[in-house]
Amino acid sequence: MAAGAEVRLLGEWLSPFCIRVKLALAVKGVSGYEWVEEDLAHKSDLLLSSNPVYGKVPVLIHRGAPVCESLVIVQYVDEAWAGPAILPSDPYERSRARFWAAYVDDKFFSSWEPFFMSKTAEERAKTFKNAIPAVETLEGALEECSNGKPFFGGDSIGYVDVALGGYLAWIKAVDEVAGTCLFDEAKFPRLAAWAESFAAADAVLGASPALQDIVAFYKKMQSGEGH
């Protein structure tokens with residue numbers, strides 16, 4: 001699309017938060033938008049003018065109006081386009097989905113990030129253990145929200161699935177490099193089955209980067225070559 005495209009997404013292609021927005025657009029069937037790759041070491045004028053408060057990606061620009069922060073963008077995408085619903089229609093179910101999506105960022109990611117950043121086997125062992133309670137909580141949340149179906153959203157991908165799914169390829173990549181299994185089938189059977197179902201969904205296949213690309217980038221980060 002040209003510079004004046006109706007829908008533009010500013011981001012970094014391997015950012016889990018940008019992957020999250022790509023997933024939401026794919027679930028809604030929004031295609032043909034313009035992807036604008038950002039170098040956060042040299043932020044573009046477009047990014048700084050579109051998100052002057054934080055200067056961060058992702059930013060969705062729809063008909064010239066910028067929408068910032070990934071979970072806010074996902075809600076906007078759900079409301080702005082027709083297609084499969086991402087958030088439930090029932091007010092209570094919507095509130096529950098928002099609660100668990102916030103938990104994914106505020107509790108799960110904050111507990112897993114030190115493991116992701118660890119560079120030695122000793123650090124990894126300690127930080128991996130510290131992330132497990134948040135995974136246990138997510139296992140319970142999946143049981144509560146799914147009603148025995150494959151996704152947090154039930155039969156189809158919903159808001160919590162998109163929120164957690166943005167991290168999934170990174171979780172798999174870090175596991176591959178570190179020799180771990182965060183969503184261990186023996187300990188977390190529901191999350192393990194969810195990860196398999198989510199990764200196989202058509203929308204995810206088109207929106208998520210290749211695992212080996214993330215593995216290669218993560219290895220560079222570990223060696224100090226990444227940015």
Side-chain angles (χ1 to χ4, degrees), residues 14-24 27 70-71 74 86-88 93 95-201 203-204 207-209 211-212 214-215 217-219 221-222:
L14 293 182
S15 160
F17 305 103
C18 298
I19 295 169
R20 177 184 282 174
V21 175
K22 286 185 172 183
L23 290 169
V27 168
S70 65
L71 286 177
V74 172
I86 295 175
L87 277 157
E93 295 299 329
S95 70
R96 187 164 66 165
R98 287 179 172 132
F99 175 88
W100 286 116
Y103 180 89
V104 166
D105 283 352
D106 297 342
K107 297 296 183 180
F108 166 72
F109 180 66
S110 65
S111 69
W112 179 73
E113 188 177 22
F115 170 65
F116 160 72
M117 299 300 292
S118 297
K119 293 184 180 294
T120 68
E122 185 179 21
E123 284 178 344
R124 287 193 183 112
K126 180 180 179 181
T127 54
F128 185 84
K129 183 179 179 181
N130 290 340
I132 293 303
V135 181
E136 291 174 342
T137 300
L138 281 177
E139 177 81 354
L142 179 55
E143 180 182 13
E144 173 190 324
C145 296
S146 68
N147 294 317
K149 295 176 180 177
F151 302 107
F152 285 89
D155 287 317
S156 59
I157 291 173
Y159 189 57
V160 186
D161 300 290
V162 171
L164 183 58
Y167 296 114
L168 184 57
W170 271 99
I171 291 169
K172 290 182 175 182
V174 174
D175 278 345
E176 182 171 319
V177 174
T180 52
C181 183
L182 189 66
F183 294 166
D184 184 354
E185 185 177 5
K187 296 179 180 177
F188 309 114
R190 292 180 183 85
L191 280 171
W194 169 85
E196 187 174 339
S197 297
F198 186 86
V204 175
S208 190
L211 177 62
Q212 291 310 310
I214 301 180
V215 167
F217 183 81
Y218 183 60
K219 285 180 177 178
M221 283 182 61
Q222 290 284 292

Visitor: Could you state the interatomic distance from OG (Ser156) to NZ (Lys149), rounded to the nearest 0.5 Å?
Guide: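 Taking OG in Ser156 and NZ in Lys149, the distance rounds to 9.0 Å.
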
Visitor: Under a 4.0 Å threshold between the charged nitrogen and the carboxylate oxygen, would Asp161 count as salt-bridged to Arg20?
Guide: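 No, Arg20 and Asp161 are not salt-bridged.
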
Visitor: Work out which heavy atom in Ile132 is nearest to a heavy atom in Leu182; give both atom names and the distance.
Guide: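 Closest heavy-atom pair between Ile132 and Leu182: CD1-CD1, 4.4 Å.
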
Visitor: Between Glu144 and Arg96, is the closest basic N to carboxylate O distance under 4.0 Å?
Guide: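 Judged by the 4.0 Å cut-off on N to carboxylate O distance, Arg96 and Glu144 do form a salt bridge.
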
Visitor: Within the structure provided, determine whether Phe152 and Ile157 are in side-chain contact (heavy-atom separation under 4.5 Å).
Guide: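 No; the side chains remain at least 4.5 Å from each other.
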
Visitor: When you measure from the side chain of Lys119 to the backbone of Gln222, do you find a donor-acceptor pair of N or O atoms at a distance under 3.5 Å?
Guide: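 Present.
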
Visitor: Using side chain to side chain contact (heavy atoms under 4.5 Å, CB included), reason through Val21 and Val162 one step at a time and then give a plain yes or no.
Guide: CA-CA 8 Å; Val21 175; Val162 171; over 6 Å; no

Visitor: Can you check whether Phe17 reaches Asp105 side chain to side chain, under 4.5 Å on heavy atoms?
Guide: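 With C-beta onward as the side chain, the pair touches.
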
Visitor: Taking the side chain as C-beta and beyond, is there a heavy-atom pair between Val177 and Lys219 under 4.5 Å?
Guide: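 A side-chain contact under 4.5 Å exists here.
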
Visitor: Could you walk me through whether Leu138 and Tyr103 pass the side chain to side chain contact (heavy atoms under 4.5 Å, CB included) test, one step at a time?
Guide: CA-CA 9 Å; Leu138 281 177; Tyr103 180 89; 3.9 Å; yes

Visitor: Are Tyr218 and Phe116 an aromatic pair by the rule of ring centers under 6.0 Å?
Guide: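 Yes - the distance between ring centres of Tyr218 and Phe116 falls below the 6.0 Å cut-off.
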
Visitor: Return yes if some donor-acceptor pair links the side-chain N/O of Ser197 with the main-chain N/O of Trp194 below 3.5 Å, else return no.
Guide: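 Side chain of Ser197 to backbone of Trp194: no pair is present.
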
Visitor: Does the side chain to side chain contact (heavy atoms under 4.5 Å, CB included) test come out yes or no for Trp112 and Ile171, once each step is laid out?
Guide: CA-CA 9 Å; Trp112 179 73; Ile171 291 169; 4.0 Å; yes

Visitor: Quick one: are Val204 and Leu168 in side-chain contact, heavy atoms under 4.5 Å?
Guide: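 Answer no - side chains too far apart.
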
Visitor: For a quick test of reading the model, state the closest non-hydrogen atom pair linking Pro114 to Ser118 and the distance between them.
Guide: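 In terms of heavy atoms, the two residues are closest at O-OG, 2.7 Å.
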
Visitor: Please confirm whether the backbone N or O of Val215 pairs with a side-chain atom of Glu176, one donor and one acceptor, at under 3.5 Å?
Guide: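 It does not hold such a pair.
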
Visitor: Flag the pair Phe151 / Ser146 as yes when at least one side-chain heavy-atom distance between them is below 4.5 Å, and no otherwise.
Guide: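 No, their side chains stay 4.5 Å or more apart.
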
Visitor: Please find out if less than 6.0 Å separates the ring center of Phe115 from that of Phe128.
Guide: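 For Phe115 and Phe128, the ring centres are under 6.0 Å apart.
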
Visitor: Give the intermediate values and the outcome of side chain to side chain contact (heavy atoms under 4.5 Å, CB included) for residues Trp100 and Thr137.
Guide: CA-CA 10 Å; Trp100 286 116; Thr137 300; 3.7 Å; yes

Visitor: Counting only heavy atoms not in Glu185 (residues, nucleotides, ligands), do more than 12 fall under 6.0 Å from its CD?
Guide: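 No, the 6.0 Å shell around CD holds no more than 12 heavy atoms from other groups.
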
Visitor: What's the shortest heavy-atom distance between Ala199 and Lys172, and which atoms?
Guide: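 For Ala199 and Lys172, the tightest heavy-atom pair comes out as CB-NZ, 3.4 Å.
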
Visitor: Can you name the nearest heavy-atom pair linking Ile19 to Pro209, along with the distance?
Guide: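 Smallest interatomic distance, heavy atoms only, reads CD1-CD, 3.5 Å.
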
Visitor: Could you report the tightest heavy-atom contact between Ala101 and Tyr159, atom names first, then the distance?
Guide: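 Scanning both residues, the minimum pair turns out to be CB-CE2, 3.4 Å.
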
Visitor: Would you please indicate yes or no on a ring centroid separation below 6.0 angstrom for Tyr167 and Trp170?
Guide: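 No.
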
Visitor: So for atom CD, which belongs to Glu196, do other residues, nucleotides or ligands contribute more than 12 heavy atoms lying within a distance under 6.0 Å?
Guide: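 Open.
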
Visitor: With a 4.5 Å cut-off on side-chain heavy atoms, are Thr127 and Glu113 touching?
Guide: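 SC-SC contact between Glu113 and Thr127 ruled out.
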
Visitor: So, for Arg190 and Leu142, which heavy atoms are closest and what is the spacing to 0.1 Å?
Guide: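 Closest pair (atom of Arg190, atom of Leu142, distance): O-CD2, 3.3 Å.
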
Visitor: Say you draw a straight line from CG of Leu87 to CZ of Arg98; how long is it, rounded to the nearest 0.5 Å?
Guide: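 CZ of Arg98 is found 5.5 Å from CG of Leu87.
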
